[in-house]
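For reference, the structure discussed in these notes is given below.
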Amino acid sequence: MRRSKAFIPTSKEAPSDASLASHIFLARAGFISQSAAGLYNYMPLAKRVIKKIEAIVNEEMTKVGAQEVELSFVTPAELWEKSGRIEKFGKELLRFRDRKDNMFVLGPTHEEMMVELIKNRVTSYKNLPLNLYQIKTKFRDEARPRFGLMRGREFIMKDGYSFHSSEEDLDREFTEMEAAYKKILTRLGLDYRVVEADSGAIGGSGSKELMVIADSGEDTIAVCSKCEYGANIEAAVSGERKVIPEAPEAVFNKFATPDVKSIEDLAAFFKIDPYYTVKCVAKKLIYEKESEIVLFFLRGSDNLQEVKAVNAAGALEIEDVNEEELKALGLVPGFIGPLDQDKAKHVIDITLKNAANLVCGANELDYHFVGADLSVISDVAYFADIVEVNAGDSCPKCDGELSFTKGIEVGHIFKLGTTYAKALKAEYLDENGKAQPFIMGTYGMGISRLVASVIEQHHDENGCIWTKATAPYMVNIMVSNIKDEAQMAAGEKLYKELQDAGVEVILDDRKERFGFKMKDAELIGFPYTVIIGKELVNGNVQVYDRVSTEKTAVSADEIFTKVMELI
RNA sequence: CGGGGUGUAGCUCAGUAUGGUUAGAGUACCUGGUUUGGGACCAGGGGGCCGAAGGUUCGAGUCCUUUCACCCCGACCA
């Protein structure tokens, strides 16, 4: 491609609202342009990057036997009613009616469609397993799209679905898909981590997210310093506590603690470690039809993890409550304890099971219990893991330490089980001729989000630094002064040689000055720029490496060979 | 969906408090010239329904009402 003819509208200024590097540079370098909230146009450079990523995904999917299909973007609303997700997705589903007044939705993901596709077509266990996928535009009417391609309303996703006749076979496929996904990210040149994730309301036994490590990531993940363990903070657990503070000694007793309400005050009042205090966090849990106030008891040294709390309560959503609501239930804010707790439903953190030497609220104004021993209620109370891990906690898998890092969720794989097959009555006949619902797995990967992720991880103050696997063009030939016939001729020669060799090359033949064209090349981020300029009279050209930002002199005669070596 | 903000040239923004020549700058674009190794310089030029609708006024980018869009913080996010 000749740069003089290319549609690559670069600009010195970024959109005023762009804050992320990927958003700023992709917009400035002429890859994307915004058309409305969360909607972007892909210009030629972006389209090339997307195609490269898609090609890698396709290759790896083919290797593991997955087959590509493409389902309609517009999907009948009826299917979403059958699965119940028209309610669950709510306003995120963009609905509309056609001329015959039938309701449709723009596909945000395609479980229903895929199940419908194979239903009554795959009818025997002999045809299982089956893994089908597509790479397609998705639409989710997000309440707040942001960060450029990172969180758009319209985006490109690879979504795959596998169908099995046994849990074991699903496990095998799941492991294989995880490996394939890791391979894709490695090939793209990304630093990532596979982490355990919350499976959410859909349930399912396994749920893993593929996180590209970046400070700008929206997810917080806990990772181990020694082993492979990593988990989204919503699902992270810590191992046994290594150092346990010395326990305060006290016989069980009710103690006057006037006006001592917070954990801080309490620990100071008794001069004990907050580890031995019991904190009560009250929340309102929203269920499908009703809501109720639930009390969560945990150690004073811990914090409530709301996603875990929602799961423990089997609820859909969680909200804050105020003191008045608690008082209305007969509770005493600041002095709520787990013993003899009959005013509200409560969940106690698992680390408090059989715990002793505790200080907890006495459910009476200005009184706490000391020397409390929860083993007395361990048979009747409901215990669950509801606390958030802290940096420095020990790893649940080894003796390493957990620390936090930020990640961009670029992939999510999980085991769906028979949820969708049952809802849509999709069945096959097993060896005994008995109808069984398909056991499913689902595997998603955000293609357009990957484009942004590459830049989040690979950029500097001057612009994009594409990895070799993702670069829109591998080589940029920059003719410093196009009026210099020798320079132009050398540029044309190399351009033709590289094109003939199948290299993706662009020739910057614009009537611009050296500095302008270099800045442009850096902004776009070609891995290599061959500079044909003033050194040509001495028989030399230069290769500019975008990663090292160094220029190396190469003899003009050998430049073709040198470039072929580099790429 | 709650709270806040912004809409003026392709882009980044002045101008709006206190209404008053023909609505500005930088950048980008076009023409000519000088330059030619790190986003050059000079001269000339094109480009605006001042988000939209309604109102007040002799007169509205500026004041009033309504509305739409976009952005930020939060909630939400298979």
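Proteins get letters first, then strands, A, B, ... in listed order; numbering begins at 1 in each.
- Nucleotides rG5(B) and rC63(B) have their P atoms positioned 15 Å apart, rounded to a whole Å.
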Review item, nucleotides 47-53 of chain B N/O atoms under 3.5 Å of protein N/O:
none

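- For the segment residues 31-45 of chain A, the set of residues with a heavy atom within less than 4.0 Å of an atom of RNA chain B comprises Q34(A), A36(A), A37(A), in numerical order.
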Classify every nucleotide of nucleotides 41-46 of chain B by which part a protein heavy atom approaches to under 4.0 Å, writing B for the base, S for the sugar-phosphate alone and - for neither, in 5'-to-3' order.
------

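- Distance, N481(A) CG to rA40(B) P: 14 Å, rounded to whole Å.
- With contacts defined as side-chain heavy-atom distances shorter than 4.5 Å, the pair V69(A)/M114(A) qualifies.
- The shortest distance between the side-chain N/O atoms of R144(A) and the OP1/OP2 oxygens of rC73(B) is below 4.0 Å.
- Distances were taken from every side-chain heavy atom of K12(A) (C-beta onward) to each of rU27(B), rC76(B), rC1(B); the shortest belongs to rU27(B).
- Interface remark: the K483(A) side chain does form a donor-acceptor pair with the rU36(B) base, using a distance-only criterion of under 3.5 Å.
- Counting non-hydrogen atoms of neighbouring residues, nucleotides and ligands closer than 6.0 angstrom, the NZ atom of K119(A) exceeds 12 such neighbours.
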How would RNA chain B look in dot-bracket form, 5' to 3', counting Watson-Crick and G-U wobble pairs with both distances under 3.5 Å and writing | for bases paired to another strand?
(((((((..((((......[...)))).((((((.....)))))).....(((((..]....))))))))))))....

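- What separates CD of E218(A) from P of rC72(B) is a distance of 11 Å, to the nearest Å.
- Taken residue by residue, residues 506-517 of chain A places heavy atoms nearer than 4.0 Å to RNA chain B at K511(A), R513(A), F514(A), G515(A), F516(A).
- If you take CZ of R151(A) and P of rC72(B), they are 12 Å apart, rounded to a whole angstrom.
- Residue contacts for Q487(A): at a heavy-atom cut-off of 4.0 Å it reaches no nucleic acid atom on any strand shown.
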Nucleotide by nucleotide, 5' to 3', does protein get under 4.0 Å of the base (B), only the sugar-phosphate (S), or neither (-) in nucleotides 4-12 of chain B, counting heavy atoms?
-------BS

